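Working notes, beginning with the structure itself.
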Amino acid sequence: MGRDAREVAALQAELLAWYDRHARALPWRVPPGSGARPDPYRIWLSEVMLQQTTVAAVKDYFHRFTARWPTIADLAAAEDGEVMAEWAGLGYYARARNLLRCARAVTASGGAFPDTRAGLIALPGIGPYTAAAIAAIAFDRAETVVDGNVERVMARLHDIRTPLPAAKAELNARAAELTPARRPGDHAQAVMDLGATICTPRNPACGICPWRGACAARAAGTQAELPRKAPRKAKPLRHGIAWIGRRADGAWLLERRPETGLLGGTLGWPGTDWTEAPPGGASPGGESSDGAPPAPAAWHAAGEVRHTFTHFHLVLDIRAADLPEGCAPARGEFVAAAAFDPAALPTLMRKAHARALPALGGRPAG
DNA sequence: GACGCGTGGTC
DNA sequence: TGACCAAGCGT
């Protein structure tokens, strides 16, 4: 099976020549041919941010993180809440929790990242992809890097019609055949750049692809329908209530969510669980105790926020209230107006805040 | 292998 | 405009 050594060498050479001319300039990347070694800290940080996240979304976060925490020791010394606030809006918050755990583990054992795939994969938040990527890009190890781009490129190059995820083993094997002993990091980044800019999910630009002559899918005309994927499950609709309270001095009533689960460890508004039946709807007893507001006040309806998570749609009913000065809430804690920044909230909670603002009384001037 | 886990861009 | 998609990981 596979290609002979001369074919492999030709593909590798064509790809690297293309990469030398067309590599994207990215904040964490060292240009090919510069001779510089990338900083493992920056490679690791960028790879974690890029997990299931677009380059465009990552750039600003990467700049803010590296400006605030220039080294892994700086990050390791940060407080949990600071990192969660800086990560807010980027999603998949387990990444931020594992980022800190990883930074502290590396710093505690001397401050240098492991320089092998096996050493890296033992760290929190570093799986098969990220371990191979750091080993190849930062440490020039000949590891095979397989992400969604590489899967797509391999499926097309070899016209593999088995649907994902069943095809993963074969796609990994095909990618491994092409991994070069020299410049493995550039090769890995080149395949990913190829997938991101030419061998795109829709309307691939086959006419300018360095591998167009060898591509089996292009020859068969199947490139647009590869890789095949198992059908997705439909997203159910869930409902919940969020209470957004502001005290007379401007302080907001917020609540840190549990460390695990959805939006784990992030700051948000007190609320009900999110269930498939509207709260207080069909159940004869009305709202459960979980349906009680966090503090007694004149709560009024401020509309709803719609948001879609990975596996369900949410309609969040927003209740807003101006809370008295001596208010003693049953849940949550007040955050002073000067310390509150909506940008430190995950996107759903940011939307809820924006929805509640018009329903709250004007604050005293000054 | 399946599932839980965010968000914003795209068509 | 709703569904799909993006440099995956942990359980």
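Quick caveat: nothing in here was measured; it's all calculated off a predicted structure. Because only heavy atoms are used, hydrogens play no part in the values below, and waters and symmetry mates are left out as well, while side chains stay in. Residue numbering restarts at 1 for every chain, and letters A, B, ... go by the order of the sequence lines.
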* Asked: With a non-hydrogen cut-off below 4.0 angstrom, is A/L90 in contact with a base, only sugar-phosphate, or nothing?
  -> base
* Rounded to whole angstroms, how far apart are CZ on A/R95 and C1' on B/dG6? -> 8 Å
* Classify the nucleic acid contact of A/T347 as base, sugar-phosphate or nothing, counting any heavy atom under 4.0 Å across all strands shown. => sugar-phosphate
* Which of these nucleotides, B/dT7, C/dC5, C/dG8, is closest to any side-chain atom of A/H307? -> B/dT7
* **Earlier contact from the 5' end, DNA chain B, for A/L345 and A/K233** => A/K233
* **Gap between atoms CD and P, on A/Q51 and C/dG8 respectively (whole Å)** => 7 Å
* To do: Answer with base, sugar-phosphate or nothing: what part of the nucleic acid does A/L26 contact at a heavy-atom distance below 4.0 Å?
  => base
* Structure fact -> Separation of C/dT11 atom P from A/E259 atom CD, nearest Å, is 13 Å
* Are side-chain heavy atoms of A/F340 and A/L345 found at a separation under 4.5 Å? -> yes
* Structure fact -> Of the candidates B/dC5, C/dC5, B/dT7, the side chain of A/T310 sits closest to B/dC5
* To do: For B/dG1 and C/dG10, measure between their C1' atoms and round to the nearest Å.
  => 14 Å
* **Non-neighbouring partners of A/R101 that pass salt bridge (Lys or Arg N to Asp or Glu O under 4.0 Å), sequence neighbours left out** => none
* To do: Report which part of the nucleic acid A/T130 touches: base, sugar-phosphate, or nothing (heavy-atom distance under 4.0 Å, all strands).
  => sugar-phosphate
* Asked: Who pairs with A/E225 by salt bridge (Lys or Arg N to Asp or Glu O under 4.0 Å), at least two apart in sequence or on another chain?
  -> A/R228
* Give the rounded distance in Å between these two atoms: CZ of A/R97 and C1' of C/dC9. => 11 Å
* Between A/P346 and A/N203, which is nearer to the 5' end of DNA chain B once each is assigned its nearest nucleotide? -> A/P346
* Asked: What is the distance, rounded to the nearest whole Å, between atom CD of A/Q52 and atom P of C/dC4?
  -> 15 Å
* **Between P of B/dG8 and CG of A/D60, the distance in whole Å** => 13 Å
* Structure fact -> Winner on side-chain proximity to A/L262, out of B/dT7, B/dC5, C/dG8, is B/dC5
* Under 6.0 Å between the ring centres of A/F309 and A/H307? -> yes
* Asked: Does A/H311 place a side-chain N or O at less than 4.0 Å from the phosphate oxygens OP1/OP2 of B/dC5?
  -> yes
* With the 4.5 Å side-chain cut-off for hydrophobic clustering, are A/F139 and A/I72 part of the same group? -> yes
* Proximal nucleotide (of B/dC11, C/dA7, B/dT7) relative to the A/F309 side chain -> B/dT7
* Measure distances between side-chain N and O atoms of A/T53 and base N and O atoms of B/dG8, and say whether any donor-acceptor pair falls under 3.5 Å. => no
* With a 4.0 Å cut-off on heavy atoms, is A/G89 in touch with a base, just the backbone sugar-phosphate, or nothing at all? -> sugar-phosphate
* What's the NZ-C1' distance between A/K235 and B/dT7, to the nearest Å? -> 11 Å
* A/Y92 has a side chain; which of B/dG4, C/dG8, C/dC5 sits nearest to it? -> C/dG8
* To do: Scan A/R24 against the nucleic acid and name what it touches under 4.0 Å (heavy atoms): base, sugar-phosphate only, or nothing.
  => base
* To do: Answer yes if the side chains of A/R29 and A/Q189 hold a donor-acceptor pair under 3.5 Å, and no otherwise.
  => yes
* May I ask you to say what A/R350 touches in the nucleic acid, namely base, sugar-phosphate or nothing, with a heavy-atom cut-off under 4.0 Å? => nothing
* Rounding to the closest angstrom, what is the interatomic distance between C/dT1 and B/dG6 at atom P? -> 27 Å
* Which nucleotide sits closest to the side chain of A/R232: C/dC4, B/dT7, C/dA7? -> C/dC4
* Provide, to the nearest angstrom, the distance between the CD atom belonging to A/E151 and the P atom belonging to C/dA6. => 10 Å
* Asked: Which is true for A/K351 with a 4.0 Å heavy-atom rule: it touches a base, it touches only sugar-phosphate, or it touches nothing?
  -> nothing
* Look up atom CG in A/L178 and atom CE in A/M154, then write down how far apart they are to the nearest 0.5 Å. => 5.0 Å
* Touch check for A/G264, heavy atoms < 4.0 angstrom, all strands: base, sugar-phosphate only, or nothing? -> nothing
* Which nucleotide in the list C/dC9, B/dG6, B/dA2 gets nearest to the side chain of A/P165? -> B/dA2
* Of A/W28 and A/G125, the one whose closest DNA chain C nucleotide lies more 5' -> A/W28
